[in-house]
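In this chain, numbering begins with 1 at the start of the sequence shown.
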Amino acid sequence: MKKIFICLTAAATISPAFGYASLNVAGQTGLIATPTARINSEGQGGNAVTGGFTYFNNGRTYNVPQVNVALFERWEIGGAYNFTEGTNQNDYLVHTKLRFAPWSGRGNSALAIGGSYQSLNSSPSTTAGQVYFAATYQAQFFDMEADTSVVIGKTFGTGVRDGDVDFSMGFDLNLFPSVFNGYVRWLNELSNYDFLYLNAPTAAIARGAFNTGLRIPVLKNMTNLRFDITLKMTDALDNERGFGAGAVFGARF
């Protein structure tokens with residue numbers, strides 16, 4: 001009996017999960033603005049190149065193209081450019097992430113470290129950087145598969161207090177699979193930091209932000225191609241709430 005229990009535990013740990021990973025607005029594998037511990041190509045073998053575009057409006061307009069290159073199922077690098085309404089308000093960031101557990105394949109749980117460099121053209125122009133640790137775990141929520149992620153990190157830059165710590169958590173839920181057959185995923189996240197420091201539609205820097213939205217993986221059954229549509233509400237619990245829509249297209253090789 002003890003050997004059977006050990007074997008079942010090991011199988012549960014290393015068996016492949018059936019979650020779905022896609023890009024957030026920063027070009028990271030993630031939710032809406034929050035990164036997760038997933039890598040874009042994990043569990044599928046090979047590498048992937050993915051690009052996307054998101055439009056936000058919360059009284060101001062934001063146009064954000066993104067790109068992500070995922071290699072070896074465990075490392076990714078990419079970036080995003082933010083065209084904001086107003087003069088000289090365009091920003092960009094570059095990011096990278098390494099998933100170190102599991103080292104190969106895709107497990108029910110994952111751990112990753114990552115970071116970003118941000119060039120901000122707000123007044124005055126400045127730069128910022130972020131480092132973070134992410135943990136993601138897949139489980140069942142009322143018979144619906146869900147990836148739950150927690151991120152802890154630190155932003156560095158002018159005006160950031162030394163004692164401030166970045167924190168976000170959220171989940172990616174396969175919404176009513178018996179009805180939608182995996183074609184609708186519900187994204188939710190709560191964050192006290194923005195993907196771009198000082199200039200982002202998520203507006204988390206004031207008192208935190210709750211973002212929510214739907215991800216529609218149109219080509220979810222295709223192994224080598226991806227096409228996702230996203231509909232989002234940013235800072236949904238505050239007066240600065242906004243709306244967004246975007247699309248992601250990619251290929252594995």
Side-chain angles (χ1 to χ4, degrees), residues 17 19-44 47-52 54 64-82 91-120 127-138 147-157 160 164-172 187-200 202 204-205 209 211 215 226 230 248 250:
Y20 189 86
S22 190
L23 302 190
N24 66 10
V25 66
Q28 303 154 327
T29 301
L31 302 173
I32 296 173
T34 297
T36 67
R38 301 296 186 191
I39 298 296
N40 202 19
S41 63
E42 67 180 40
Q44 301 291 332
N47 311 304
V49 176
T50 308
T54 303
V64 191
Q66 313 99 26
V67 65
N68 178 294
V69 178
L71 301 171
F72 317 119
E73 297 189 82
R74 63 179 69 98
W75 177 57
E76 67 181 30
I77 186 169
Y81 198 92
N82 180 34
D91 314 301
Y92 72 87
L93 68 82
V94 292
H95 65 81
T96 188
K97 177 167 58 176
L98 174 69
R99 191 208 63 208
F100 58 88
W103 186 245
S104 299
R106 189 185 199 277
N108 285 336
S109 59
L111 301 174
I113 54 173
S116 69
Y117 168 82
Q118 307 171 26
S119 175
L120 309 166
T127 59
Q130 185 195 41
V131 294
Y132 65 85
F133 168 82
T136 298
Y137 178 74
Q138 183 173 340
D147 254 4
T148 300
S149 297
V150 176
V151 176
I152 298 175
K154 175 65 179 172
T155 295
F156 302 91
V160 181
D164 287 352
V165 176
D166 296 340
F167 176 82
S168 62
M169 66 180 303
F171 64 88
D172 175 354
L187 309 179
N188 289 273
E189 64 185 25
L190 183 65
S191 174
N192 73 345
Y193 63 92
D194 296 309
F195 75 96
L196 280 172
Y197 180 64
L198 295 177
N199 190 30
T202 45
I205 196 169
N211 307 314
R215 175 178 287 154
R226 143 192 325 274
T230 55
V248 169

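Geometrically, Arg99 does not engage Trp75 in a cation-pi contact defined by less than 6.0 Å to the ring centre and at most 45° from the axis.
Residues satisfying the side-chain contact (heavy atoms from CB on, under 4.5 Å) test with Phe167, not counting sequence neighbours, are Val150, Ile152, Met169, Asn192. Every residue was checked against the side-chain hydrogen bond (donor to acceptor under 3.5 Å, both in side chains) condition with Ser119, not counting sequence neighbours, and none meets it. In this structure, Glu189 has no salt bridge (Lys or Arg N to Asp or Glu O under 4.0 Å) partners at least two apart in sequence or on a different chain. With sequence neighbours left out, the side-chain contact (heavy atoms from CB on, under 4.5 Å) criterion links Ser22 to Tyr20, Arg215, Arg226, Asp228, Val248. By the side-chain hydrogen bond (donor to acceptor under 3.5 Å, both in side chains) test, Gln28 is found to be paired with Asn24, residues two or more places apart in sequence or in another chain being considered. With sequence neighbours excluded, the residues forming a side-chain contact (heavy atoms from CB on, under 4.5 Å) with Phe133 are Phe100, Leu111, Ile113, Ala135, listed by chain and number. Remark: Tyr81 engages Phe83 in a ring-ring contact (aromatic ring centres under 6.0 Å, His included) (not counting sequence neighbours). Evaluation of the side-chain hydrogen bond (donor to acceptor under 3.5 Å, both in side chains) rule for Thr127 yields no partner, not counting sequence neighbours. Residues satisfying the side-chain contact (heavy atoms from CB on, under 4.5 Å) test with Ala37, not counting sequence neighbours, are Ala110, Ala112, Ala134, Thr136. Every side-chain hydrogen bond (donor to acceptor under 3.5 Å, both in side chains) that Asn188 has, sequence neighbours left out, goes to Thr212.
Side-chain contact of Gln130 with Asp166: a donor-acceptor pair under 3.5 Å is present, judged by distance alone. One side chain, Asn68 or Glu76, offers a donor N or O that lies under 3.5 Å from an acceptor on the other. At a cut-off of 3.5 Å, with distance as the only test, a side-chain donor of Thr54 or Gln66 sits close to an acceptor on the other residue.
When side chains are defined from C-beta on, Tyr193 does not count as touching Tyr132, because their heavy atoms never get closer than 4.5 Å. Contact of the Lys97 side chain with the Thr29 side chain is registered, since non-hydrogen atoms from C-beta on lie closer than 4.5 Å.
Between the side chain of His95 and the backbone N or O of Ile77 there is no donor-acceptor pair closer than 3.5 Å. Although no hydrogens or angles enter the test, the distance criterion places a donor-acceptor pair under 3.5 Å between the side chain of Arg74 and the main chain of Trp103. Asn82 contributes no side-chain N or O that, together with a main-chain N or O of Val64, makes up a donor-acceptor pair within less than 3.5 Å.
Annotation: the span from Glu73 atom CD to Arg38 atom CZ amounts to 12.0 Å, rounded to 0.5 Å. Separating the CG atom in Leu196 from the CG atom in Asp91 is a distance of 5.5 Å, to the nearest 0.5 Å. In this structure, the separation between CG on Asn211 and OG1 on Thr34 is 7.0 Å, given to the nearest 0.5 Å. The OG1 atom of Thr155 lies 12.5 Å from the CZ atom of Phe195; values are rounded to the nearest 0.5 Å.
For the side-chain contact (heavy atoms from CB on, under 4.5 Å) with Asp172, the qualifying choice from Asp147, Ile32, Thr148 is Asp147, the only one to do so.
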Using the side chain to side chain contact (heavy atoms under 4.5 Å, CB included) rule, take Tyr92 and Tyr117 through it: C-alpha gap first, then chi angles, then the decisive distance, then the call.
-> CA-CA 8 Å; Tyr92 72 87; Tyr117 168 82; 4.1 Å; yes
So Ile39 and Arg106, side chain to side chain contact (heavy atoms under 4.5 Å, CB included) or not? Walk me through it.
-> CA-CA 9 Å; Ile39 298 296; Arg106 189 185 199 277; over 6 Å; no
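The minimum heavy-atom distance linking Val151 with Pro35 is given by the pair CG2-O, 3.3 Å. When all heavy atoms of Ala80 and Ala26 are compared, the pair lying nearest together is CB-O, 3.6 Å. The nearest pair of heavy atoms linking Phe171 to Leu31 is N-CD1, 3.9 Å.
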